[in-house]
There are 2 protein chains.
Amino acid sequence: MACSPSTPDDILPPPLPEPAPEDLRLDVIMGALADPLRLTIIRKLLLESEAYDHTCGWFGFDRPKSSLTHHFKALREAGLIRQRQYGLERRSRVRTEDVDERFPGLLDLVRAWDASPTRR
Amino acid sequence: MACSPSTPDDILPPPLPEPAPEDLRLDVIMGALADPLRLTIIRKLLLESEAYDHTCGWFGFDRPKSSLTHHFKALREAGLIRQRQYGLERRSRVRTEDVDERFPGLLDLVRAWDASPTRR
DNA sequence: CGGGAAGTACGATTCGAGTCGTACTTAGCA
DNA sequence: TGCTAAGTACGACTCGAATCGTACTTCCCG
């Protein structure tokens, strides 16, 4: 539940609108993950984030900002990530507990995903 | 490996073109499952088929045949099902071994899927 | 041998997702 | 106070997926 070890929830900015845990839909989640870039976002958050939420810029994608907004929004509306506004920055983290509760094992698939691009 | 208990592989019709196990892509699989109808197809095959492959008609969908062809083709090209031609009929089964090998746990998510909410 | 059934092939249409440029908003800061 | 950076909002464009009708092929079976 905690966002970072030293930051209790009650002083965090509120999350942006997101579906309730019981409203998560497998088909919608699958659709959100049917894209290599978004798969990469989730995987990187799962494997490389160290207890902190991360901004779009942290990922280092070479895409226009408006494209990134689009994909992060898709992930948030599918219920895969939670986003909070910190001043100018919008930081994201995976909703691991909610997703694990509803779809156990799904995030493990993303963790194990072989992200190598042209694998043929 | 066997298609049905009493039918060795070598006298079965050959499978229609399908991706090799090592070519299965998680993003493509996710895309194939990002659809309630296709999710239903896989789930029904997993839970209700009893060691036999099944035709399109077995599912009882009230959709035009050409639509069904489209969805079964999508599932086959994603590597989720294997299809064989029996005379006029084209029978399908889930490639459980291949999918479990590459993406363990994924089919469990489909089995556990709650198919009831909001018919689309 | 001919009718019917299973399913495909093809094409038209619609619709939404992905992509990105540009303009805008806002917070921090020198 | 005004610049800069992070990110959004909006809109245009493209492209592919979904849908389905119609025509066709092929096999089985009476």
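Here is the naming used below: chain letters follow the sequence lines, and residue numbers restart at 1 for every chain.
The distance from atom CD1 of B:I81 to atom P of C:dG7 is 12 Å, rounded to the nearest whole Å. Atom CZ in B:F72 sits roughly 14 Å away from atom P in C:dA6 (whole-Å rounding). Atom pair B:R76:CZ and C:dG7:P shows a separation of 13 Å (rounding to whole Å applied). Atoms CZ (B:R90) and C1' (C:dA9) sit 11 Å apart, rounded to a whole Å. A:Q83 has its CD atom 16 Å from the P atom of D:dA6, to the nearest Å. Atom NZ of B:K73 is separated from atom C1' of C:dC10 by 11 Å (rounded to the nearest Å). Whole-Å rounding puts the B:R91 CZ to C:dT8 P distance at 14 Å. Rounded to an integer number of Å, the gap from B:D35 CG to D:dT19 C1' is 11 Å.
Remark on DNA chain C: of its neighbouring residues A:P64 and B:K65, the 5'-side contact belongs to B:K65, judged by nearest-heavy-atom nucleotide. In terms of position along DNA chain C, the nucleotide closest to B:Q85 lies nearer the 5' end than the nucleotide closest to the other residue of the pair B:Q85 and A:G87.
Closest to the side chain of B:H71, out of D:dT8, D:dT19, C:dG7, is D:dT19. For B:S67, taking side-chain heavy atoms from C-beta onward, the closest of the listed nucleotides D:dC20, D:dA6, C:dG7 is D:dC20. The listed nucleotides are C:dA6, D:dG7, D:dC20; the one nearest the side chain of A:T69 is D:dG7. Closest approach to the A:H70 side chain among D:dT8, D:dA18, C:dT19 is made by C:dT19 (side chain taken as heavy atoms from C-beta onward). Listed nucleotides: C:dC10, D:dG7, C:dG7. Nearest to the side chain of B:S66: C:dC10. Side chain of B:L88, nearest nucleotide from C:dA6, D:dA18, C:dC10: C:dA6. Proximity note for A:T55 (side chain, C-beta onward) versus D:dG7, D:dT19, C:dG7: the nearest is D:dG7.
Contact of the B:L26 side chain with the B:L106 side chain is registered, since non-hydrogen atoms from C-beta on lie closer than 4.5 Å. Side-chain atoms of B:I29 and B:R102, non-hydrogen and from C-beta on, never get closer than 4.5 Å to each other.
When all heavy atoms of A:A78 and A:A32 are compared, the pair lying nearest together is CB-CB, 3.6 Å.
How far CG of A:L45 is from CG of A:D53: 8.5 Å, rounded to the nearest 0.5 Å.
Put simply, B:R38 has a side-chain N or O that comes within less than 4.0 Å of OP1 or OP2 on D:dA18.
More than 12 heavy atoms of other shown residues, nucleotides or ligands fall within 6.0 angstrom of atom CD in A:Q85.
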